[in-house]
Amino acid sequence: MKNLDVKILTKHLDDPTLHTLSGYESHGGYGGLRKALKGGMTPEKVHEEVKAANLRGRGGAGFPAGIKWGFLPKQTEKPVYLVVNADEGEPGTFKDRLIMERNPHSLIEGCLLACWAIKSKTCYIYIRGELFKSYKHVEQAIDEARAKGYIGRNILGSGFDCEIYPHPGAGAYICGEEMALIESLEGKPGQPRNKPPFPAVVGLFGCPTIVNNVETLAYVPWIVENGGQAYADLGCERNGGLKLWGVSGHVKRPGLYELPMGVPMRYLIEECAGGMRGKVPMKGVIPGGSSCPPLLASEIDIALDFESLKQANSMLGTGCLTVFEEGVCTVRLASRIAHFYEHESCGQCTPCREGTGWLHRNIKKLEHGEHLEGGLGLLESICNRILGNTICALGDAAAMPIQGFLQRFGDEWAAHLGAGRCPVEA
Amino acid sequence: MSLAFSENAQRRFDLIVGRYPNLQAALLPVLHLAQAEFGHVSPEVMDFVGHLLGVPPIKVQQVATFYTMYNLAPVGRFHVQVCTNIACYLTGGKEILCHLKQKLAVENKGTTADGVFTLEEVECLAACGTAPAIQVNDPHDPEWPIAYHENQTVASADALIERLRAKAGSNG
Ligand SMILES: Cc1cc2nc3c(=O)[nH]c(=O)nc-3n(C[C@H](O)[C@H](O)[C@H](O)COP(=O)(O)O)c2cc1C
Ligand code: SF4
């Protein structure tokens with residue numbers, strides 16, 4: 001197993017001043033920016049290091065950041081934008097908030113380096129509206145960095161100009177989807193646009209735009225300082241570096257743990273989070289936010305990387321696990337999830353708008369032991385009508401977990417059919 | 001037009017609009033600002049904001065009604081928001097919500113007769129590691145108009161309500 005003691009974003013978390021500029025700099029902060037701008041690292045060189053790092057996007061899809069940056073047009077008259085996705089809202093996920101509240105300068109330094117690499121002079125950080133403390137700390141970090149000359153004109157005498165602005169969301173999960181986020185940032189309802197064109201070609205204000213997650217960018221300073229290969233070596237094949245893993249639910253020590261990509265799920269749950277909170281054994285786990293199909297307790301000997309989870313018919317998602325114990329009714333849990341997607345559908349596509357409500361209504365019936373016309377096959381068929389038939393991936397995100405519950409807990413679901421009550425919970 | 005920003009809010013407005021290449025992009029932050037100033041986003045406030053930003057009223061309305069954080073009608077002094085999504089569901093968020101509904105004698109999204117509390121069931125607050133979580137909006141608090149209360153129990157949520165009630169009693 002890899003060295004589990006290396007830390008990057010959480011290394012100095014015990015310093016209560018880490019969120020201030022002086023705190024961050026006392027631990028070598030902004031060393032990556034100095035190395036790039038004063039040490040003669042060209043934008044191309046920074047981009048190469050990020051590519052070599054195998055840094056996979058931490059927003060859920062795991063797309064390699066270096067490759068995404070390469071999709072920008074080589075020549076353009078238009079400004080290029082960097083947009084940070086800080087809309088953290090996927091149920092079960094609570095990692096970007098930690099970075100923004102406790103280590104916001106790592107994000108700011110990462111934004112500056114990314115802007116340098118993609119030749120952007122303007123970055124917006126779209127922060128979920130409810131995360132007020134995150135907004136405040138990011139805004140303060142920007143002000144401090146500007147006062148120190150890290151943001152603004154001619155940064156560190158390099159000739160590089162760059163502005164970073166915080167932008168508050170206003171309560172809509174769908175704005176985490178990158179095209180909805182761009183619409184929202186333009187002052188419109190957060191309704192996803194069709195892709196293509198992809199944001200790298202036609203994004204914010206019609207200009208080439210890169211959208212990256214908070215955590216993705218916060219790792220960039222370390223990569224620039226220590227080299228892409230060194231970062232890649234910390235993780236596993238095709239999944240470079242470390243990640244913030246979350247564990248919540250029925251475990252003894254819920255929280256965030258920074259560990260390499262590819263770490264065994266069992267280690268995270270049992271060693272880090274201390275295993276189950278009481279004597280009741282584990283029943284299952286939702287691996288990376290509510291859109292990921294659940295795994296059974298017997299399946300946790302799995303490496304936490306994008307490919308392994310996919311092979312298990314699930315997804316790594318945001319890397320924040322929700323663990324639940326025996327006695328939890330998976331129909332009721334899924335019903336809560338289905339309620340969420342019905343509530344958050346933006347309503348543009350019929351399969352999503354109607355399908356999410358239809359799914360929720362029927363799972364709710366099942367929850368109470370009612371009979372379903374067509375049995376569990378009805379739920380399958382609703383999922384199949386949504387999957388792949390919508391503008392954005394929210395539709396898939398609503399259908400996939402339900403298919404997963406049916407696959408893993410089908411017997412329990414079948415036992416609800418016509419039972420007149422929930423056969424699991426007393 | 002009868003509405004106007006205070007001097008402070010006007011300064012904030014100028015700062016915000018300077019961040020974008022066009023005025024419409026400032027709509028979300030300016031609606032937040034207006035809600036903080038005027039209490040809720042009434043049709044009059046929408047017109048005011050639309051006028052400031054040169055955005056037609058219908059577009060302001062589309063935005064104000066799309067996002068959950070804009071209150072289209074007055075809410076209580078404290079907007080108490082209880083998460084019941086997966087991590088909070090597993091750790092007692094539902095029980096807390098039920099208790100508060102009884103304690104305050106309101107249904108979901110209801111406001112107490114004295115106008116002190118509005119209670120609402122909400123979606124994941126990104127506090128799953130410290131679940132269950134409650135968010136409390138207090139527009140009178142200039143420092144922390146939105147505060148999180150984490151690792152809650154029925155008892156601690158009950159005590160939280162009492163603390164807020166006392167706060168409302170002491171400074172109105
Ligand atoms: C419905 C939906 C919600 C999403 N929510 C988020 C989110 O809250 N934060 C995030 O970073 N990405 C979210 N994403 C993924 C983004 O669309 C996008 O892939 C990501 O921000 C890209 O950044 P990355 O490559 O650094 O991961 C969401 C996607 C969908 C379909
Ligand atoms: S899939 Fe759902 S959320 Fe996405 S664009 Fe269509 S209706 Fe909106």
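Keep in mind that the numbers below use all heavy atoms, side chains included, and drop hydrogens, waters and symmetry copies. Chain identifiers are assigned alphabetically (A, B, ...) following the order of the sequence lines, protein sequences preceding nucleic acid strands; residue numbering begins at 1 within each chain.
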(message) Pair R332(A), Y89(B) - check side chain to side chain contact (heavy atoms under 4.5 Å, CB included), show working.
(response) CA-CA 10 Å; R332(A) 184 164 288 181; Y89(B) 165 77; 3.0 Å; yes

(message) Under 4.5 Å from any heavy atom of chain A, what part of V122(B) do you find: side chain, backbone, both or neither?
(response) backbone

(request) Flag yes if more than 12 heavy atoms outside R253(A) fall under 6.0 Å of its CZ atom; otherwise flag no. (result) yes

(message) Report, in residue-number order, which members of residues 63-73 of chain B are under 4.5 Å from chain A by heavy-atom distance.
(response) V63(B), F66(B), Y67(B), T68(B), M69(B), Y70(B)

(request) Sort E186(A) into side chain, backbone, both or neither according to what part of it lies under 4.5 angstrom from a heavy atom of chain B. (result) backbone

(request) For the pair Y124(A) (side chain) and R19(B) (backbone), establish whether a donor and an acceptor sit closer than 3.5 Å, ignoring hydrogens and angles. (result) yes

(request) For chain A, find which of C83(B), C124(B), A26(B) contributes the most heavy-atom pairs closer than 4.5 angstrom. (result) C124(B)

(message) Does any backbone or side-chain atom of F340(A) lie under 4.5 Å from a heavy atom of chain B? Answer side chain, backbone, both or neither.
(response) both

(message) Out of K188(A), E88(A), E90(A), return the one with the most heavy atom pairs under 4.5 angstrom to chain B.
(response) K188(A)

(request) Can you tell which part of A131(B) gets under 4.5 Å to a heavy atom of chain A, answering side chain, backbone, both or neither? (result) neither

(request) Under 4.5 Å heavy-atom distance to chain B, tell me which part of S184(A) shows up: side chain, backbone, both or neither. (result) both

(request) Can you tell which part of N137(B) gets under 4.5 Å to a heavy atom of chain A, answering side chain, backbone, both or neither? (result) neither

(request) Identify the heavy atoms of K136(A) and E143(B) that sit nearest to each other, and give their distance. (result) NZ-O, 3.4 Å

(request) Check whether L204(A) gets within reach of chain B through its side chain, its backbone, both or neither, counting any heavy atom under 4.5 Å. (result) neither

(request) Sort C175(A) into side chain, backbone, both or neither according to what part of it lies under 4.5 angstrom from a heavy atom of chain B. (result) side chain

(request) Count the heavy-atom pairs under 4.5 Å between each of T91(B), L27(B), T84(B) and chain A, then report the option with the highest count. (result) T84(B)

(message) Under 4.5 Å from any heavy atom of chain B, what part of E344(A) do you find: side chain, backbone, both or neither?
(response) side chain

(request) Heavy atoms only, distances under 4.5 angstrom: which of G190(A), G169(A), P79(A) has the most pairs with chain B? Name it, please. (result) G190(A)

(request) Compare every heavy atom of H167(A) with every heavy atom of L28(B), then report the nearest pair and how far apart it is. (result) CB-NE2, 4.2 Å

(request) Decide if atom NZ of K103(B) counts as having more than 12 heavy atoms of other residues, nucleotides or ligands within a radius under 6.0 Å. (result) yes

(request) Look up atom OH in Y148(B) and atom OG in S134(A), then write down how far apart they are to the nearest 0.5 Å. (result) 8.0 Å

(request) Against chain A, label Y20(B) side chain, backbone, both or neither, depending on which of its atoms sit under 4.5 Å from a heavy atom there. (result) both

(message) Which atoms of Y135(A) are under 4.5 Å from chain B, going by heavy atoms: the side chain, the backbone, both sets, or neither?
(response) side chain

(request) List the atom of I86(B), the atom of T322(A), and the distance in Å for their closest heavy-atom pair. (result) CD1-OG1, 3.7 Å

(message) Counting only heavy atoms from other residues, nucleotides and ligands, does the tally under 6.0 Å from NZ of K59(B) exceed 12?
(response) no

(request) Give, as side chain, backbone, both or neither, the part of P166(A) having an atom under 4.5 angstrom from any heavy atom of chain B. (result) both

(request) Check A25(B) against L185(A) and note the closest heavy-atom contact, atom names and distance. (result) CB-O, 3.5 Å

(request) Measure V323(A) against the heavy atoms of chain B and call it side chain, backbone, both or neither at under 4.5 Å. (result) backbone

(request) Please flag which part of L98(A) lies under 4.5 Å from any non-hydrogen atom of chain B: side chain, backbone, both or neither. (result) neither

(request) State the CZ-CD distance between R336(A) and E123(B), to the nearest 0.5 angstrom. (result) 4.0 Å

(message) Less than 4.0 angstrom from a charged side-chain N to a carboxylate O is my criterion; do E150(B) and R97(A) meet it?
(response) yes

(request) Give every residue pair that meets the side chain to side chain donor-acceptor pair (under 3.5 Å) criterion with at least one member in residues 26-41 of chain B, sequence neighbours excluded. (result) S6(B)-E37(B)

(request) Rounded to the nearest 0.5 Å, what's the gap from CZ on R277(A) to CG on L90(B)? Could you check? (result) 8.0 Å

(request) Locate the shortest heavy-atom distance separating S248(A) from C128(B); write the atom from each residue and the value. (result) CB-O, 3.2 Å

(message) If you compare all heavy atoms of Q24(B) against all heavy atoms of G187(A), which two are closest, and at what distance to 0.1 Å?
(response) NE2-O, 3.1 Å

(message) Quick check: do Y165(A) and P29(B) have side-chain heavy atoms less than 4.5 Å from each other?
(response) no

(message) Is I337(A) close to chain B through its backbone or its side chain, or both, or neither, when contacts mean heavy atoms under 4.5 Å?
(response) side chain

(message) What part of R128(A) gets within 4.5 angstrom of chain B, counting heavy atoms only: side chain, backbone, both, or neither?
(response) side chain

